[in-house]
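Before any comments, here is the structure.
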Amino acid sequence: MISIQFKQLNGTPFQKLVWAELLKIKRGETVTYKELAKRIGKPKAIRAVANAVGANPLPVKIPCHRVVRSDGTIGGYSGRGGVKTKKMLLKQEGVIF
DNA sequence: CACATGACCTAAC
DNA sequence: TGTTAGGCCATGT
C-alpha cells in the first residue's frame with residue numbers, strides 16, 4: 001500500500017521537528033541520530049527520530065543523507081542500495097569515514 | 001487499544 | 001571482532 005502522500009507532509013510534530021533540525025544542517029556537516037535526537041530534546045527517542053527521518057517525504061529538500069549513525073557508519077538510505085548514494089553524497093560533501 | 005516494525009544504541013557473550 | 005539480547009520512542013496496522 002502506498003503510504004506517502006502530500007497530506008502526510010504535515011505529519012506529526014515530532015517529524016516536523018526532526019525535519020526542521022535536518023534542514024538546519026549545513027553543507028559538509030554531518031550529524032548522528034543521537035545528536036539529532038538530543039537536539040529535538042529527546043535523546044532517548046532516537047528510534048523515533050530514525051523513523052521520522054525515514055518517513056521523510058522530501059528526500060531532495062531534506063538532507064537526510066547527512067545523518068549517520070553514532071559509529072560513523074552510513075546506516076541506511078531510501079530503501080537498500082540507496083546506501084551507496086548516501087556514501088557518494090557524503091564523500092562529495094567532504095566527509096571522511 | 002494492543003501488537004508489530006524500524007534509516008538506533010549500549011552492553012554482554 | 002562478530003553476533004545476540006534488551007531497551008527506548010513514535011508510527012502504522
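Below, read A as the first sequence line, B as the second, and so on, with proteins coming before strands; counting in each chain starts at 1.
Of the inter-residue distances, the one linking Leu22(A) atom CG with Gln15(A) atom CD reads 11.0 Å to the nearest 0.5 angstrom.
Phe14(A) and Leu23(A) fall into different hydrophobic clusters, where Ile, Leu, Val, Met, Phe, Trp and Tyr residues are linked whenever their side-chain heavy atoms come under 4.5 Å apart, directly or through other members.
At a threshold of 4.5 Å between non-hydrogen side-chain atoms, the residues Val67(A) and Val49(A) do not count as touching. Using a 4.5 Å cut-off on side-chain heavy atoms (C-beta onward), Val31(A) and Arg39(A) make contact.
Taking atom CZ of residue Arg39(A) and atom P of nucleotide dC9(C), one finds them 21 Å apart after rounding to whole Å. Between the C1' atom of dA10(C) and the NZ atom of Lys16(A) lies a distance of 16 Å, rounded to the nearest Å.
Put simply, the residue from Arg27(A), Glu29(A), Lys26(A) that forms a side chain to side chain contact (heavy atoms under 4.5 Å, CB included) with Arg66(A) is Arg27(A).
Heavy atoms of Ala45(A) sit under 4.0 angstrom from primed sugar atoms or phosphate atoms, though from no base atom.
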With B for base contact, S for sugar-phosphate-only contact and - for none (protein heavy atoms under 4.0 Å), nucleotides 7-13 of chain B reads BBSS---
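Shown here for Ser70(A) and Thr32(A), the closest heavy-atom pair between the two residues is CA-CG2, 3.9 Å.
Close to dA10(C), at under 4.0 Å from its OP1 or OP2, lies no side-chain N or O of Thr12(A).
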